[in-house]
Novice: 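I'd like to ask you about the structure that follows.
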Amino acid sequence: MLYVLICTDKPGSLAVRQENRPAHLDFLNSLGPALKAGGPFTADDGEKPNGSLVVIEAASLADARAIAAKDPYAKAGLFQSVDIRPWKWLLKNPESA
């Protein structure tokens, strides 16, 4: 099943994000085909990151939570909140073609 991780950064945490970005990207890439999509939310300027959206495949909500907890951003305390929701990719899913 697919899960969407909606992560909101703590205010004033840009330095934490920047310091941990290489490890975060390495972690996401290590998920292989379980990683379906990902990228930062931004401020209204379209530039300054202030959160993350990640779509992963996991066997259960518990597994999705375990994966999220291993993210270097989460370990560094970047996020103010993380909402994990089951998701059905209905439109423009390249795997359903």
Side-chain angles (χ1 to χ4, degrees):
M1 171 163 255
L2 295 178
Y3 293 89
V4 176
L5 287 59
I6 303 167
C7 309
T8 303
D9 292 1
K10 291 178 182 172
S13 61
L14 183 58
V16 173
R17 175 176 277 274
Q18 291 171 332
E19 290 166 12
N20 290 280
R21 187 172 188 268
H24 165 73
L25 294 176
D26 287 346
F27 168 74
L28 291 179
N29 285 319
S30 78
L31 297 176
L35 175 66
K36 302 302 180 184
F41 288 114
T42 67
D44 291 342
D45 65 6
E47 295 297 321
K48 184 179 176 188
N50 60 16
S52 299
L53 182 135
V54 178
V55 181
I56 59 172
E57 186 169 19
S60 67
L61 180 56
D63 287 345
R65 286 183 178 142
I67 291 168
K70 293 177 186 173
D71 186 329
Y73 278 172
K75 289 181 174 183
L78 173 64
F79 300 131
Q80 176 176 321
S81 65
V82 177
D83 187 18
I84 302 175
R85 300 182 190 184
W87 184 61
K88 291 187 179 184
W89 193 347
L90 183 62
L91 301 174
K92 297 193 178 188
N93 181 343
E95 295 180 2
S96 66

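Everything numeric in this text was worked out from a predicted model, so none of it was measured.
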Novice: Evaluate L2 against K88 for side chain to side chain contact (heavy atoms under 4.5 Å, CB included), listing each step before the verdict.
Specialist: CA-CA 7 Å; L2 295 178; K88 291 187 179 184; over 6 Å; no

Novice: Would you list the pairs meeting ring-ring contact (aromatic ring centres under 6.0 Å, His included) in which at least one residue belongs to residues 27-61, sequence neighbours left out?
Specialist: none

Novice: Tell me the salt bridge (charged side-chain N to carboxylate O under 4.0 Å, His left out) pairs involving residues 6-29, sequence neighbours left out?
Specialist: D9-R17

Novice: Tabulate below the donor-acceptor pairs under 3.5 Å that side-chain atoms of residues 78-87 make, not counting sequence neighbours, or state none.
Specialist:
{"from": "D83", "atom 1": "OD2", "to": "R85", "atom 2": "NE", "distance (Å)": "2.7"}
{"from": "D83", "atom 1": "OD2", "to": "R85", "atom 2": "NH2", "distance (Å)": "2.9"}

Novice: Enumerate the residue pairs fulfilling salt bridge (charged side-chain N to carboxylate O under 4.0 Å, His left out) with a member in residues 45-69, sequence neighbours excluded, ordered by first and then second residue.
Specialist: K36-E57

Novice: Could you tell me the separation between the CG atom of L5 and the CG atom of L53, rounded to the nearest 0.5 Å?
Specialist: 8.0 Å

Novice: Indicate if I67 and M1 have the same hydrophobic cluster label, given that clusters are the connected sets of ILVMFWY residues with side-chain heavy-atom separations under 4.5 angstrom.
Specialist: yes

Novice: Closest heavy-atom contact between A64 and A58?
Specialist: N-CB, 3.8 Å

Novice: Could you tell me which residues satisfy side-chain hydrogen bond (donor to acceptor under 3.5 Å, both in side chains) with N20, sequence neighbours excluded, listed by chain and number?
Specialist: none

Novice: Calculate, to the nearest 0.5 Å, the distance between atoms CD1 and CG belonging to I56 and L28 respectively.
Specialist: 9.5 Å

Novice: Which atoms form the tightest heavy-atom contact between P40 and P49, and what is the distance?
Specialist: CB-CB, 4.1 Å

Novice: If hydrophobic residues (ILVMFWY) are linked whenever their side-chain heavy atoms come closer than 4.5 Å, directly or via other members, who joins L90 in its cluster?
Specialist: L91

Novice: Looking only at heavy atoms, what is the nearest atom pair of A74 and A68, with distance?
Specialist: CB-O, 3.5 Å

Novice: For C7 and Y73, what are the C-alpha separation, side-chain angles and deciding distance, and is it a side chain to side chain contact (heavy atoms under 4.5 Å, CB included)?
Specialist: CA-CA 10 Å; C7 309; Y73 278 172; over 6 Å; no

Novice: Taking a hydrophobic cluster as the set of Ile, Leu, Val, Met, Phe, Trp and Tyr residues connected by side-chain heavy atoms closer than 4.5 Å, whether directly or through intermediates, do Y3 and L35 fall within one such cluster?
Specialist: yes

